[in-house]
Amino acid sequence: MPESLYGPGEASGIWVFLEHEDGEIVPVSRELLGKARELAGRSESSLTGLVMGNDVEDVAAKASRLDLDRVLTVPHPRLEPFTAEANSFAAAAAIRAQRPDVLLMGATPYGRDLAGRLAVMLQTGLTADCTDLDLEPDSGLLLGEVSGFGGDILAMIKCERRRPQMATVRPGVFAETGHRRAAPAPIDTFAVDVPAQAVPVRVLARRKHHGVDISRAGRLVIAGRGVQGEMSLVESLARVLDAEVGATRVAVDEGWIGRDRQIGQTGIVVRPGLAIVCGASGATQFTVGIDKAGLVVALNQDPEAPIFEQADLCVVEDLFPVVRALLARFESEGAMPS
Amino acid sequence: MSRPLHTVVCLKVVPKSEEVQVDRESMTLDRTKARSEINPPDMNALEMALSLKDCYGGRVSLLSMGPPFVAAYLRMGIAMGADDAYLLSDRAFGGADTLATSLTLASAVRKIGGSDLVLCGEESSDGATAQVPPGIAAWLNIPQATYALSIAVEEEGFAFVTREIQGGEEDLAVPLPAVVSVKVGVNEPRFMDIDRLHNADQLSPVSVWTAADLDVDPGAIGIGGSPTTVAGLRTATTGGGRRRQVLSGTPDEKAALIYEEIMRYLGVTTPAT
Ligand SMILES: Cc1cc2nc3c(=O)[nH]c(=O)nc-3n(C[C@H](O)[C@H](O)[C@H](O)COP(=O)(O)OP(=O)(O)OC[C@H]3O[C@@H](n4cnc5c(N)ncnc54)[C@H](O)[C@@H]3O)c2cc1C
Ligand SMILES: Nc1ncnc2c1ncn2[C@@H]1O[C@H](COP(=O)(O)O)[C@@H](O)[C@H]1O
């Protein structure tokens, strides 16, 4: 097998790719830092936050207050707007020069674009969309836990011989610790030249939906196909519960609700205290998104629906009369405590 | 106006995920009992390729790495309107992770003679990594655009791609050749032409290639070319740990029980009724 560019003996340190948007480090990168800090502590490694982009001073200053040992900036005008080609070119240069042992990134569209390209450029292993990270007891190798093996089975994936050991993690999998440094961490800069031919793709326009971020919602009422487009009912229940509305992909594809509220493998991993799931069958691609919920109430008229395997309270019933009765009950009992 | 396009569509045949069994001894997946289907977003990629062909003319080739039975699914693609199909089938390809899979597919694209576009699905329902399309692009050293909602080729040598990003969309001008991965559900895949299905083998027999047919280092494919390995398997405690309490009664009674449970869960005592 062709060798990676450097091996385990030459590698050290854990790097977290700090994705940023409008000058802010995105939530998944901050979530990753908490887990990375734990892994760094156990393996006595240093923790570096990688900041790529054009004018990165502000972001680097914000990063230096987070729980990490060092910020490494890789600035270049051609790194913004983000393209996978330019960013993988620059990241690969920094990685070849400084040889991290582990590289973690958020499984956002940009993070996955970058990770998939980088892994090939660096000839190394990538474990995608991990649901947990750990260290193998004796070897100290990074273990990435992945599902997608048909639901109940989780596999721990490792990369023994090549470096860096790469993994991506979906937003919402880890909780943000909120730990901050008293004194800012040192900021290093890696100078890189990004030639024009490393940036073949032109970004013509970028539109943001400015939607909600349901990954942080404490309570969710979730609509599946069974809601049949009657979103006002679900929205009313969400209102009395002081909850956000989430949806399965079918509900999103039907146009009943915006894509920013889609839960699941290609949507968002949520961790609400309470989730009321209305008219969803419980496909694995959906349920991976609600694994971390507290109390799960599922309403479905089909007693065989797999969603009931993933629920605390199983309501085998036409959802409409039950939701209406529940709504009436909350309305008559007055406001919900938040 | 643009010249005719040659598009290669990467189709993966996947087991219906709920039917897959896991062999704990060998730590492998037993797919024999599971029915298969073409990975749903790959069907959207195929439809996109066919409508590009309708629009600009040209040719659509199908490419898949998998066991021999996958040929039957490629014939369905021919019946939908694809022009030719290539199946990479060899035990030597088995056990490939994303690095080895993307290399194998990239090598086949080269052997086909290259193309203007390589279209993939956004992610596979079993692998679920979304990393193969960027991997193919990196091996071929060409640009990539992932999570595409639409593609147009109005200007010579460029694809205009609208694609999804976190909380929004972006429009890209991507020079060809390029790899584009397509979002699931962006179009309605057309029906098969039954005459074409019956005649698929006369129209275009599926070319089956082994590792020896590809110009690729045997050590870089399959399990041997895969840097990642399975360290262990375990059963998920999540979901499995749920109460699964089935509520009984009329809809009103069920609603009352849910109400009480929610109030208890949130630490609020309910007034006795
Ligand atoms: C690569 C890939 C990625 C995917 N990613 C995601 C993802 O991120 N999120 C996601 O959600 N899906 C995803 N999917 C799709 C997923 O496989 C399912 O198709 C989807 O979750 C089903 O949505 P649903 O449960 O709303 O619809 P259905 O599966 O159609 O289920 C509807 C349910 O409602 C019930 N019902 C109908 N009427 C009533 C009523 N009046 N009262 C009570 N119950 C009723 C029915 O019994 C049925 O069980 C993905 C698929 C693929 C291939
Ligand atoms: N074995 C394969 N044969 C053909 N195409 C594949 C294969 N594996 C992955 N792909 C393509 O890559 C896409 C993403 O797959 P993945 O990276 O596994 O999520 C799929 O939707 C397919 O288009």
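Proteins come first, then strands; the chains are lettered A, B, ... in the order of their sequence lines, and each starts at number 1. Every heavy atom of this structure was used, including side-chain atoms; hydrogens, water molecules and symmetry mates were not.
- Salt-bridge formation is detected for the pair A/Asp113/B/Arg163: a Lys NZ or Arg NE/NH1/NH2 atom is positioned less than 4.0 Å from an Asp or Glu carboxylate oxygen.
- Contact annotation for A/Val297: only side-chain heavy atoms (C-beta onward) come within less than 4.5 Å of a heavy atom of chain B.
- Atom CD of residue B/Glu261 and atom CG of residue A/Leu313 lie 4.5 Å apart, to the nearest 0.5 angstrom.
- A/Ala198 pairs by the side-chain contact (heavy atoms from CB on, under 4.5 Å) definition with A/Phe89, A/Val194, A/Pro195, not counting sequence neighbours.
- For chain B, the option among A/Glu145, A/Met121, A/Arg324, A/Gln165 with the highest count of heavy-atom pairs below 4.5 Å is A/Glu145.
- Residue contact with chain B, scored on non-hydrogen atoms closer than 4.5 Å, involves the side chain of A/Glu136 exclusively.
- Contacts of A/Ala298 with chain B are absent, with no heavy-atom separation under 4.5 Å from either backbone or side chain.
- Using a 4.0 Å cut-off between charged side-chain N and carboxylate O, B/Glu169 and A/Lys208 make no salt bridge.
- Counting heavy atoms of neighbouring residues, nucleotides and ligands inside a 6.0 Å radius, atom CZ of A/Arg206 exceeds 12 of them.
- Between A/Thr127 atom OG1 and B/Asp97 atom CG the span is 8.5 Å, to the nearest 0.5 Å.
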Applying side-chain contact (heavy atoms from CB on, under 4.5 Å), run through B/Val230 and A/Ile157 and close with a yes or a no. CA-CA 5 Å; B/Val230 178; A/Ile157 308 290; 3.9 Å; yes
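- Nearest approach of A/Leu126 to B/Thr228, heavy atoms of both residues: N-CG2, 3.7 Å.
- For the residue pair A/Ala325 and B/Ala255, the shortest heavy atom distance occurs at CB-CB, 3.5 Å.
- Taking A/Ala328, A/Pro200, A/Pro306 one by one and counting their heavy-atom pairs under 4.5 Å with chain B, the maximum is reached by A/Pro200.
- For the pair A/Ile276 and B/Ile262, the tightest heavy-atom approach, listed with the atom from each and the gap, is CD1-CD1, 3.8 Å.
- The stretch residues 99-108 of chain B places B/Leu99, B/Ser102 near chain A, each with some heavy atom under 4.5 Å from a heavy atom of that chain.
- Inspection of the B/Gln144 and A/Arg117 side chains reveals an N or O donor paired with an N or O acceptor under 3.5 Å.
- Of the atoms belonging to A/Glu160, heavy atoms from both backbone and side chain fall under 4.5 Å from chain B.
- For A/Arg249, the part sitting under 4.5 Å from any heavy atom of chain B is the side chain, from C-beta outward, and nothing else.
- For A/Glu317, the side-chain hydrogen bond (donor to acceptor under 3.5 Å, both in side chains) partners are B/Lys254, not counting sequence neighbours.
- Contacts of A/Thr124 with chain B are made by backbone atoms alone, with heavy-atom separations under 4.5 Å and no side-chain atom involved.
- In this structure, the portion of A/Ala119 lying under 4.5 Å from any heavy atom of chain B is its backbone and not its side chain.
- In this structure, CD in A/Glu333 is found 3.5 Å from OH in B/Tyr259, a value given to the nearest 0.5 Å.
- For the residue pair A/Gln265 and B/Ser124, the shortest heavy atom distance occurs at NE2-O, 4.2 Å.
- Here the closest non-hydrogen pair linking B/Arg242 and A/Gly294 is NH1-O, 2.6 Å.
- Chain B forms more heavy-atom pairs under 4.5 Å with one residue of A/Val322, A/Thr83, A/Leu295 than with any other, namely A/Leu295.
- Proximity to chain A is limited to the side chain of B/Thr162, based on heavy atoms less than 4.5 angstrom apart.
- Although no hydrogens or angles enter the test, the distance criterion places no donor-acceptor pair under 3.5 Å between the side chain of A/Asp312 and the main chain of B/Arg244.
- In this structure, chain B has no heavy atom under 4.5 Å from any part of A/Val26.
- Side-chain contact between B/Asp171 and A/Val203 is absent, with no heavy-atom pair separated by less than 4.5 Å.
- In terms of heavy-atom proximity, B/Thr129 sits nearest to A/Ala128 at CB-CB, 3.7 Å.
- The structure places CZ of A/Arg259 at 5.5 Å from NZ of B/Lys183, a figure rounded to the nearest 0.5 Å.
- Of the listed residues (B/Asp252, B/Val246, B/Asn141, B/Val174), the one with the most heavy-atom contacts under 4.5 Å to chain A is B/Val246.
- For A/Glu21 and B/Gln166, the side-chain atoms include no donor-acceptor pair closer than 3.5 Å.
- For the pair B/Glu170 and A/Arg207, the salt-bridge criterion is not met [side-chain N within less than 4.0 Å of a carboxylate O].
- Looking at B/Glu122, the atoms closer than 4.5 Å to chain A (heavy atoms on both sides) all sit in the side chain, from C-beta outward.
- With a 4.5 angstrom heavy-atom cutoff, A/Ile290 touches chain B only via backbone atoms.
- Using a 4.5 Å cut-off between heavy atoms, A/Leu143 touches chain B through its side chain atoms alone.
- For A/Phe82, the ring pair (Phe, Tyr, Trp, His ring centres under 6.0 Å) criterion is met by A/Tyr110, not counting sequence neighbours.
- Here the side chains of A/Lys158 and B/Thr229 are in contact, with some heavy-atom distance below 4.5 Å.
- Note on B/Glu123 versus A/Arg112: salt bridge recorded, some NZ/NE/NH1/NH2 to OD/OE distance being below 4.0 Å.
- Contact count against chain A (heavy-atom pairs under 4.5 Å) is highest for B/Ile142 among B/Ile142, B/Val161, B/Thr250, B/Val132.
- Between chain A and the residues B/Ala138, B/Ala173, B/Ala178, B/Pro134, the most heavy-atom pairs under 4.5 angstrom are made by B/Ala173.
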Evaluate side-chain contact (heavy atoms from CB on, under 4.5 Å) for A/Gln285 paired with B/Ser125, printing each intermediate quantity in order. CA-CA 8 Å; A/Gln285 292 96 355; B/Ser125 59; 3.6 Å; yes
